[in-house]
Amino acid sequence: MVADGREILSSVVASQIDIHQKYGGVVPELASREHLRQIVPVVREALAQAGMKLTDVDAIGVTQGPGLVGALLVGITYGKTLAQALGKPLVPVNHLEGHVHAVFLEAHKAGRTAKLPAVCLIVSGGHTVLYEVTPADPHVQDAGARLLYRKIGQTRDDAAGEAYDKVAKLLGLGYPGGPILDRLAAVSNGAPATVKFGPTKMKGNLLDFSFSGLKTAVLYHVREHPEYAAELPLCSPKTLALVREFQNAVVRDLVERTMRAAEDLSVESVLVSGGVAANSQLRATFEERSKSSGIEVFFPSRALSTDNAAMIAAAAYSRFRNGILADVTLNADPSLTLA
Ligand code: KG4
Ligand code: ZN
């Protein structure tokens with residue numbers, strides 16, 4: 001629950017990692033079933049933590065897409081029911097816009113302001129996309145401002161988080177791969193590099209990303225060196241070095257393209273959000289580039305980087321203030337785009 005679009009009153013997340021872990025990735029049917037089981041207790045807990053009743057809320061925000069249709073439908077059906085029963089407005093939210101607002105929530109907590117226009121990198125298990133974010137009215141930059149999004153780059157194949165998850169899986173290291181590889185790369189100092197991955201060269205839009213080639217390069221390297229498999233479940237210096245080089249390549253591409261966009265467009269700030277924004281090396285590298293370029297970089301906390309409902313409530317506030325509402329005909333849109 002969020003007040004005035006920027007202050008978090010409660011943020012409750014029902015993680016499904018334990019459920020999907022043994023399958024090595026998200027199983028859509030299990031995801032919908034868990035959403036169904038969790039939605040009522042999670043809403044109750046969010047109200048309890050905020051010390052509020054359902055009748056106290058001004059509006060109900062719900063994710064319309066993009067995402068898995070079964071999970072989206074659970075939220076939409078419940079959101080519609082609440083809105084109808086309480087006589088409150090229902091606000092449709094784009095999941096990606098939620099990730100942008102996670103950055104604003106955190107900045108507000110820290111007493112900072114992320115000035116617009118900005119370049120925003122959303123980097124998660126399902127998305128790797130760059131937006132230019134501008135206020136519809138340059139003089140209004142508060143929580144209720146209407147924001148305009150222009151997509152300026154995106155992955156042509158895998159999302160960065162997906163590459164993390166696939167590489168961790170092929171090394172037999174578990175799911176989700178991002179946090180595991182992040183920790184392993186951090187302790188890889190001194191492990192001699194066995195392979196180096198060069199920057200991905202893109203034809204056409206230089207702000208686009210590609211991670212499947214890198215993932216395949218890791219796969220071939222491991223296939224050519226069967227000793228990697230023999231090392232499991234322990235990680236030798238060789239595996240640590242491979243993980244480090246993989247992460248170096250991902251982080252370099254994400255940071256270089258984002259900072260290039262920010263410089264080309266002369267924006268005020270850079271926003272980085274989504275599950276992979278929790279990555280330690282990505283954060284540290286952006287911080288360094290922020291110092292050298294003079295462009296301020298903003299991240300959500302790690303908890304707000306990965307999927308959460310507070311960011312959806314924050315995005316809903318801006319839409320609510322701008323009269324963007326839904327009615328009972330609202331439907332899930334699994335491939336909803338933002339701009
Ligand atoms: O935003 P998110 O919670 O869900 C999606 O909308 O996809 O992102 C989950 C993704 C997973 O692929 C996970 O491996 C990755 O974010 N991730 C990380 C880290 N923490 C989560 N990737 C790299 N480093 C991390 N520390
Ligand atoms: Zn997400």
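None of these values were measured; they are calculated from a predicted model. Each ligand, and each atom within it, is numbered from 1 in the order the structure gives.
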Nearest to atom 3 (O) of ligand 1, what protein heavy atom do you find, and at what distance? D307 N, 3.2 Å
Students should be able to answer this: which protein heavy-atom is nearest to atom 24 (N) of ligand 1, and at what distance? N279 ND2, 3.0 Å
What I want to know is whether S305 and ligand 1 share at least one N or O pair that is separated by under 3.5 angstrom. no
Answer yes when D137 and R146 have at least one side-chain N-carboxylate O distance shorter than 4.0 Å, and no when they do not. no
Can you tell me how far the NZ atom of K151 sits from the CG atom of D208, to the nearest 0.5 Å? 9.5 Å
Given the ring of Y317, does R6 sit roughly above its face, with NZ or CZ under 6.0 Å from the centre of the six-membered ring and within 45° of the axis? no
Among T258, T128, T200, side-chain hydrogen bond (donor to acceptor under 3.5 Å, both in side chains) partner for D253: T200
For the pair R33 and E29, evaluate salt bridge (Lys or Arg N to Asp or Glu O under 4.0 Å) and give the outcome as yes or no after the intermediate values. CA-CA 6 Å; R33 196 175 73 189; E29 289 77 5; over 6 Å; no
D182 contact mode with ligand 1 (heavy-atom cut-off under 4.0 Å): side chain
Ring center gap for F104 and H101 short of 6.0 angstrom: yes
Of all N/O/S atoms in D307, which lies nearest to the Zn ion (ligand 2)? OD1
How far is atom 14 (O) of ligand 1 from its nearest protein heavy atom, and which residue and atom name does that atom have? D165 OD1, 2.7 Å
Can you list the atoms of ligand 1 that are under 4.0 Å from a heavy atom of G126? 7 (O)
If we only count heavy atoms from C-beta on, is the L330 to L90 side-chain gap below 4.5 Å? yes
What are the atoms of ligand 1, with element, lying closer than 4.0 Å to any heavy atom of G125? 5 (C), 7 (O), 8 (O), 9 (C), 10 (C), 12 (O)
With heavy-atom distances below 4.0 Å as the criterion, list the atoms of ligand 1 near T306. 3 (O)
Are any N, O or S atoms from H127 nearer to the Zn ion (ligand 2) than 2.8 Å? no
Heavy-atom contacts with H99 under 4.0 Å: which atoms of ligand 1 show up? List them by number with element. 1 (O)
Any H95 heavy atom less than 4.0 Å from ligand 1: yes
Numbering the atoms of ligand 1 from 1, which are under 4.0 Å from a heavy atom of P176? 14 (O)
Give, for atom CG of D307 and atom CD1 of I312, the distance between the pair rounded to the nearest 0.5 Å. 7.5 Å
What distance do L72 atom CG and H95 atom NE2 have between them, rounded to the nearest 0.5 Å? 9.0 Å
How wide is the angle at the Zn ion (ligand 2) spanned by H95 NE2 and H99 NE2, rounded to 10 degrees? 100°
Y164 ring center within less than 6.0 Å of F246 ring center: yes
Considering heavy atoms of the protein only, find what lies nearest to atom 20 (N) of ligand 1 and give residue, atom and distance to 0.1 Å. G275 O, 3.5 Å
Ligand 1 atoms nearer than 4.0 angstrom to some heavy atom of G161 are 12 (O)
Looking only at distances, please establish whether an N/O atom of ligand 1 is found under 3.5 Å from an N/O atom of S280. no
Can you measure from CG (L207) to CD (E256) and round to the nearest 0.5 angstrom? 12.0 Å
Nearest heavy atom to atom 22 (N) of ligand 1: which of A163, A159, P66, G178 does it belong to? G178
